[in-house]
Amino acid sequence: MDAIIVTFCCVLLCQGQKKIAANGQGVDRYRVLLSDGKFSHSSALLATQLNGKVTSGELEAFTIIRLNKFMCNTLPNGKQVLILLDLDVIAPGSEVANRIGNPQPYKSPDQSGQPTQNRAEAPSNETVTRQPPNNNRPEAPKSNGFYGAQPAVRKPYSAQKVSKPAEGTPSKVHPIDSLTPYQNRWTIRARVTSKSNIRTWSNSRGEGKLFSMNFLDDSGEIRATAFKSEVDKFYDFIQLNKVYYISKATLKTADKRYSSLANDYEMTFNSDTQVIPCEEEVDLPTIKYNFIPIGKLSETAANNTVDVIGVVRSVGDITKVIAKQSQKEITKREVFLVDEGQVQVRLTLWSSDAENFDGSGNPVLAIKGCRLSDWGGRSLSSLSQSQMIMNPDVPEAHKLRGWYDDIGHTMDYSEFQSDGSSGAGGGYATNWKTFDDVKKQNIGQDKPEYFTTKATIVFLKKENCMYMACPAEGCNKKVVDLANGLYRCEKCSKEYPNYKWRMILTANLADFSENQWVTFFQETAEVVLGRSADEIGQMRESDEAQFEQLFQEASFKSYIFKLRAKMETYNDETRLKTVCVQASPVNFHEYSKKIIEDIEKLLVV
DNA sequence: CCCCCCCC
């Protein structure tokens, strides 16, 4: 299936690419000079989704590329502009290092008046026969990689005849997969697979209302949004699961944070947009997934919207929390999903999703469009747009069912680990140690090691717990008080009229087994003292008694501490240094569960 | 032109 024929190699000849301008969204556009050794073509733009190849240095000058997907726009003056949509680097420019051949500027027939001479060398769709990589869309009816050819030369890409067009319906439809912002004469025929409620917004740029929907056809899917007057025009008219002909909407680059659809673009309805019901019976899919294996979620950008499928391994009870912003009480439920990669992920369901959830019998759960959070390493959270289906009739679900019933139910699963910057310490930590363990097992002696423990602060050292630090962003160096109202940072070699307070707090922690000296830097010190470093610094200067009181109150409190033990050498003396990377309140529900598990393990032996 | 989706 992967028969790739390299038919069109291009060399970037000049000083590589040239940044031309930012488009309306502040995204840079790059122009590339292409050559196939015989002709060169300077009117080629890199699709913005390929910008990463420029910024990463992959597309340096003289790089040989294979162009998998592109489109050609002919301007009114006859000039042909190529938009490069998908390409692979065949040889890096540093290896090629030279121009190949003596390419002459390519002129389109309209421009040059030499109709066919260059044609064979020019990018026509016959020269590109590779199946595009296709983003896991094997059903996509792609026959070539050429999008939006000039009508005089080619029929529009994959145009299909509609058997019995109803009155006023278009004679041909385009696959969703072929839509780009560079071509606006298209009609799609697609099923509405999701439709949001009407939402209003109000911000500094204005206010209004909107709703959004997903369209799906055999080739792919696309999200569309209607604003203000288009809401009035289309909201009641467009119905979930119905099939429509849609044309004349605006296309723009999709933001992956808000959509899991495998499409680089999305639609905005405008005043010209036409939506016509499709009256004939058409066989179009009702849902399409772009599943990310659970283990791969750590390689997916946090805050993206994703599709995930897994076996419900365990289900938590409904709990209630108060939302910080709205102060409203909301219900939630935590569900744990696993797959063959032997990684478990937590999915938090909200409100009615939480209330209606029945995970008995370890069903397979597919969720389309849920938020990937970096809490606790990686976790999932359902959104109002999320579509959850139990035991869907898709191959992935059948495979998971068989695997779980066969061996999956007996397996152990690893969990995502927080990097300390966010996330669930307490109940979800795996490397639990007592301070006695730390000493007896030589934790951190060979390499730095993170561990979690429940412990109590028995002593906080007030002396030298804070210092005046450089106010520059990211520079935490101690400043020298020049006693003239200025503070000098040696690192920045600069004098500032101000400083910020930074904390290095030494504490003695104890659990039932042992005690341990631990260092708390800024963020964790602020957690255990319950005040910001600035407040504490001011307090120390203005109200010594209150400062004392603060330390009294912080003592003998217990937390779930995530600690890092590491050998450090200072003044020729090497010893274990333990730093707190996270201090979390004890979640007694979770912690009790852990203790019960510990006891059960003891009983088994 | 939204893009909030909650809690630990």
Side-chain angles (χ1 to χ4, degrees), chain A residues 24-26 194-214 223-231 235 249-261 266-271 273 301-306 316-336 346-355 367 369-388 415-416 418 421-429 452 527 559-560 562 582-591 593:
Chain A
Q25 297 174 316
S194 92
K195 179 187 163 189
S196 79
N197 294 324
I198 296 173
R199 206 179 71 237
T200 58
W201 84 88
S202 174
N203 59 32
S204 58
R205 287 183 294 274
E207 56 181 58
K209 58 182 174 182
L210 69 125
F211 80 101
S212 57
M213 69 221 98
N214 291 348
R223 194 167 88 127
T225 306
F227 293 94
K228 299 175 184 174
S229 55
E230 281 71 47
V231 174
Y235 186 77
T250 308
L251 283 149
K252 61 165 192 169
T253 306
D255 188 331
K256 294 293 172 193
R257 285 177 300 171
Y258 307 115
S259 165
S260 70
L261 308 197
E266 62 183 44
M267 258 181 214
T268 304
F269 281 13
N270 59 51
S271 55
T273 299
N303 299 319
N304 274 17
T305 300
V306 295
D317 293 331
I318 287 184
T319 57
K320 293 194 186 301
V321 291
I322 307 290
K324 272 183 194 151
Q325 285 223 320
S326 65
Q327 289 297 309
K328 276 186 191 152
E329 190 182 71
I330 41 176
T331 48
K332 70 157 192 169
R333 187 199 293 272
E334 292 180 355
V335 171
F336 293 86
R346 177 175 45 157
L347 165 65
T348 304
L349 306 177
W350 300 98
S351 310
S352 59
D353 283 338
E355 286 152 23
I367 178 160
C370 67
R371 169 76 76 248
L372 177 62
S373 145
D374 63 357
W375 180 265
R378 280 292 184 275
S379 53
L380 301 167
S381 179
S382 74
L383 309 170
S384 60
Q385 68 179 69
S386 300
Q387 292 170 273
M388 277 200 297
E415 294 168 23
F416 293 106
S418 168
S421 64
S422 75
Y428 305 102
T452 300
V527 170
Y559 296 87
I560 304 290
K562 188 171 178 185
Q582 186 177 51
S584 321
V586 182
N587 177 334
F588 288 100
H589 178 78
E590 290 297 337
Y591 186 62
K593 269 205 310 211

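Any value given below was found using the heavy atoms of this structure, including those in side chains, with hydrogens, waters and symmetry copies removed. Numbered from 1 within each chain, the chains take letters A, B, ... in sequence-line order.
Between the side chain of A/Lys562 and the main chain of A/Ser584, no donor-acceptor pair closer than 3.5 Å is present. In terms of modelled atom types and a separation under 3.5 Å, the side chain of A/Arg199 and the main chain of A/Leu210 share no donor-acceptor contact. With hydrogens and angles disregarded, no donor-acceptor distance shorter than 3.5 Å links the side chain of A/Arg371 to the backbone of A/Ser379. Here the side chain of A/Lys256 pairs a donor or acceptor atom with the backbone of A/Leu261 at under 3.5 angstrom.
Within the structure, a side-chain polar atom (N or O) of A/Ser381 is placed less than 4.0 Å from OP1 or OP2 of B/dC6. Between B/dC3 and A/Arg199, a contact under 4.0 Å exists linking OP1 or OP2 to a side-chain N or O.
Atom pair A/Ile330:CD1 and B/dC5:P shows a separation of 10 Å (rounding to whole Å applied). Between the CG atom of A/Asn197 and the P atom of B/dC4 there is a distance of 17 Å, given to the nearest Å. In this structure, CZ of A/Arg371 is placed 7 Å from P of B/dC5, rounded to the nearest angstrom. One atom, CH2 of A/Trp350, and another, P of B/dC8, lie 9 Å apart when rounded to the nearest Å. For the pair A/Met388 CE and B/dC5 C1', the computed distance is 13 Å after rounding to whole Å. Rounded to an integer number of Å, the gap from A/Arg257 CZ to B/dC2 P is 12 Å. In this structure, A/Leu347 places its CG atom 11 Å from P of B/dC6, rounding to the nearest Å. In this structure, the CD1 atom of A/Ile322 is 9 Å from the P atom of B/dC8, given to the nearest Å.
Nearest to the side chain of A/Arg346, among B/dC8, B/dC1, B/dC5, sits B/dC8. Comparing B/dC1, B/dC6, B/dC8 by their nearest atom to the side chain of A/Ser326 picks out B/dC6. When each of B/dC5, B/dC1, B/dC6 is scored by its nearest atom to the side-chain atoms of A/Lys252, the top-ranked nucleotide is B/dC1. Between B/dC2, B/dC8, B/dC3, one nucleotide has an atom nearer to the side chain of A/Val321 than all others, and that is B/dC8.
Looking at heavy-atom distances under 4.0 Å, A/Arg223 makes contact with a base. Within 4.0 Å (heavy atoms only), A/Arg205 reaches sugar-phosphate atoms of the nucleic acid but no base atom.
Stacking between A/Trp201 and B/dC2 is absent: the ring centroid is not both under 5.5 Å from the six-membered base ring centre and under 30° in plane angle. Judged by centroid separation below 5.5 Å and plane tilt below 30°, A/Trp375 stacks onto the base of B/dC8.
A donor-acceptor contact under 3.5 angstrom links the side-chain atoms of A/Glu266 to the base of B/dC3. For B/dC6, its base never sits under 3.5 Å from the side chain of A/Lys328 at any donor and acceptor pair.
Atom CD of A/Gln385 is separated from atom OG of A/Ser260 by 7.0 Å, given to the nearest 0.5 angstrom.
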